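Numbers restart at 1 for each chain; the letters A, B, ... are given by sequence-line order, proteins then strands. Remember, predicted model here, so these are calculated numbers, not experimental data.
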Amino acid sequence: MQIATWNINSLSVRLPQVLAWLAANPVDAIGLQELKLVDEKFPHDAFQAAGYHAVCFGQKTYNGVAIISRTPAHDVVRNIPGHEDEQARVIAATLDTAEGPLRLINCYFVNGQEPGSDKFAYKLKWLAALHDWLRQELAAHPRLALVGDFNVAPEDRDSYDPVGLKGTIHHTAEERQHFQDLLALGLTDAFRLFEQPEKSYSWWDYRQLGFQKNRGLRIDHILVSQALCAGVTACLIDRAPRKNPQPSDHAPVVVTLG
DNA sequence: ATGGTGGGCCCCCCA
């Protein structure tokens with residue numbers, strides 16, 4: 001089976017591209033981020049017509065996440081339990097598969113703007129809350145995948161300019177430590193299980209020909225629990241949709257499990 | 001340090 005993640009930067013604008021991508025890449029489930037619409041405007045009919053179920057957690061103007069899946073999702077959780085948050089950033093659900101239940105946690109991690117800012121402080125708090133909750137989720141759900149736009153470039157090789165951007169947002173020691181803390185819970189970065197092209201990125205700034213110059217960051221990730229890890233046979237970033245007219249600034253990431 | 005581009009929305013906020 002295949003699971004994907006994609007920050008689509010407005011579902012209203014990108015719905016045709018998402019449907020086209022799913023038609024060409026009939027994954028079993030995909031986590032979407034940055035819907036930028038309220039639940040009342042979520043296009044359930046379009047996904048149903050494409051053969052998918054959807055659960056969503058929307059918000060006006062900003063954020064918003066959804067899980068699109070071939071089989072109905074159940075035990076849906078929205079945001080981090082016990083962590084007060086006005087922003088819709090997390091949706092988790094269980095999918096029934098041939099190999100047993102799979103817990104899919106789809107997150108739009110905080111951007112954080114700039115180290116030292118209020119938004120950066122919010123990012124670090126949010127990351128700590130996610131970590132604490134994930135420990136419980138992993139204990140309850142051995143087969144677990146954490147997917148989404150992490151807004152962290154974990155290592156220097158995940159950035160087009162690790163020296164020039166050292167210490168800036170997505171590149172700080174604090175953010176990278178939080179990423180390592182997630183791995184320490186027993187999660188594995190599926191992308192790095194395999195040999196990958198050099199300069200593999202999942203996000204490119206719209207400005208100054210970022211994509212054409214491959215000035216990007218790898219900030220969209222799929223982390224798998226130990227129970228899933230042994231069955232992972234591939235993990236790829238699909239750059240093709242970034243070449244579309246009116247693209248999202250992010251590319252989808254896809255993992256193949258057993 | 002600024003501003004480059006894009007989305008949402010009501011002209012400035014967020015990425």
Check: Looking at A:Asp249 and A:Arg242, what are the two nearest heavy atoms and their distance?
Finding: O-NE, 3.3 Å

Notebook entry, point to check: Where the side chain of A:Tyr206 is defined as all heavy atoms beyond and including C-beta, which of B:dG6, B:dA15, B:dG8 is the nearest nucleotide?
Noted result: B:dG6

Next item on the list: Could you pick out which residue, A:Glu34 or A:Ser10, lies toward the 5' side of DNA chain B when each is mapped onto its nearest nucleotide?
Entry: A:Ser10

Notebook entry, point to check: In the single-linkage hydrophobic clustering (I, L, V, M, F, W, Y; side-chain heavy atoms under 4.5 Å), do A:Leu37 and A:Val55 co-cluster?
Noted result: no

Next item on the list: Pick the C1' atom in B:dC9 and in B:dA15, then give their distance to the nearest Å.
Entry: 15 Å

Next item on the list: Would you mind reading off the distance between A:Leu11 atom CG and B:dG8 atom P, rounded to a whole angstrom?
Entry: 10 Å

Note to self: Cation-pi check for A:Phe109 against A:Arg89: NZ or CZ below 6.0 Å from the six-membered ring centre and within 45 degrees of the axis, yes or no?
What the structure shows: no

Margin query: I'd like to check the salt bridge (charged side-chain N to carboxylate O under 4.0 Å, His left out) partners of A:Asp205; sequence neighbours left out, ordered by chain and number.
Written below: A:Arg207

Next item on the list: Using whole Å, report how far CG of A:Asn63 lies from P of B:dC14.
Entry: 10 Å

Next item on the list: Taking atom P in both B:dG7 and B:dT2, compute the distance separating them and give it to the nearest angstrom.
Entry: 26 Å

Next item on the list: Nearest 0.5 Å please: distance from the CG atom of A:Leu35 over to the CZ atom of A:Phe42.
Entry: 6.5 Å

Checklist line | Near-strand residues of residues 111-123 of chain A, defined as heavy-atom separation under 4.0 angstrom from DNA chain B | finding: A:Asn111, A:Lys119

Item checked: Spacing of A:Asp205 atom CG relative to B:dC14 atom P, expressed in whole Å -> 17 Å

Checklist line | For atom CD of A:Gln59 and atom P of B:dA15, their distance in whole Å | finding: 11 Å

Note to self: In this structure, how many angstroms lie between the C1' atom of B:dC12 and the OH atom of A:Tyr62, rounded?
What the structure shows: 8 Å

Item checked: Nearest-nucleotide 5' precedence on DNA chain B, A:Lys41 against A:Tyr108 -> A:Lys41

Note to self: Is there a side-chain contact between A:Arg14 and the phosphate of B:dG7, meaning an N or O under 4.0 Å from OP1 or OP2?
What the structure shows: yes

Margin query: Give me the distance, rounded to whole Å, that separates B:dA1 from B:dC10 when you measure between the P atoms they each carry.
Written below: 32 Å

Next item on the list: Could you tell me whether A:Phe211 contacts a base, only the sugar-phosphate backbone, or nothing, with contacts defined as non-hydrogen atoms closer than 4.0 Å?
Entry: nothing

Notebook entry, point to check: Could you give the CG-to-P distance, from A:Asn7 to B:dG7, as a whole number of Å?
Noted result: 12 Å

Check: What's the spacing between A:Trp204 CH2 and A:Gln212 CD if we round to 0.5 Å?
Finding: 11.0 Å

Item checked: Per A:Asn9 side chain, nearest of listed nucleotides B:dG7, B:dC9, B:dA15 -> B:dG7

Next item on the list: Send over the distance from A:Trp203 CH2 to B:dC14 C1', rounded to a whole Å.
Entry: 13 Å

Note to self: Suppose we screen for side chain to side chain donor-acceptor pair (under 3.5 Å). Which residues come up paired with A:Thr94, at least two apart in sequence or across chains?
What the structure shows: A:Arg103

Notebook entry, point to check: Roughly, in whole Å, what's the span from CZ in A:Arg207 to P in B:dG7?
Noted result: 13 Å

Notebook entry, point to check: Where the side chain of A:Ser12 is defined as all heavy atoms beyond and including C-beta, which of B:dC9, B:dG8, B:dA15 is the nearest nucleotide?
Noted result: B:dG8

Notebook entry, point to check: Just checking, is any N or O donor in the side chain of A:Ser117 or A:Glu114 under 3.5 Å from an acceptor N or O on the other one?
Noted result: no

Checklist line | Span that lies between the C1' atom of B:dG6 and that of B:dC11, in whole angstrom | finding: 16 Å

Notebook entry, point to check: For the side chain of A:Gln208, counting heavy atoms from C-beta on, which of B:dC9, B:dG3, B:dA15 is nearest?
Noted result: B:dG3

Item checked: Of the listed nucleotides B:dC9, B:dA15, B:dG6, the one nearest the side chain of A:Lys36 -> B:dG6

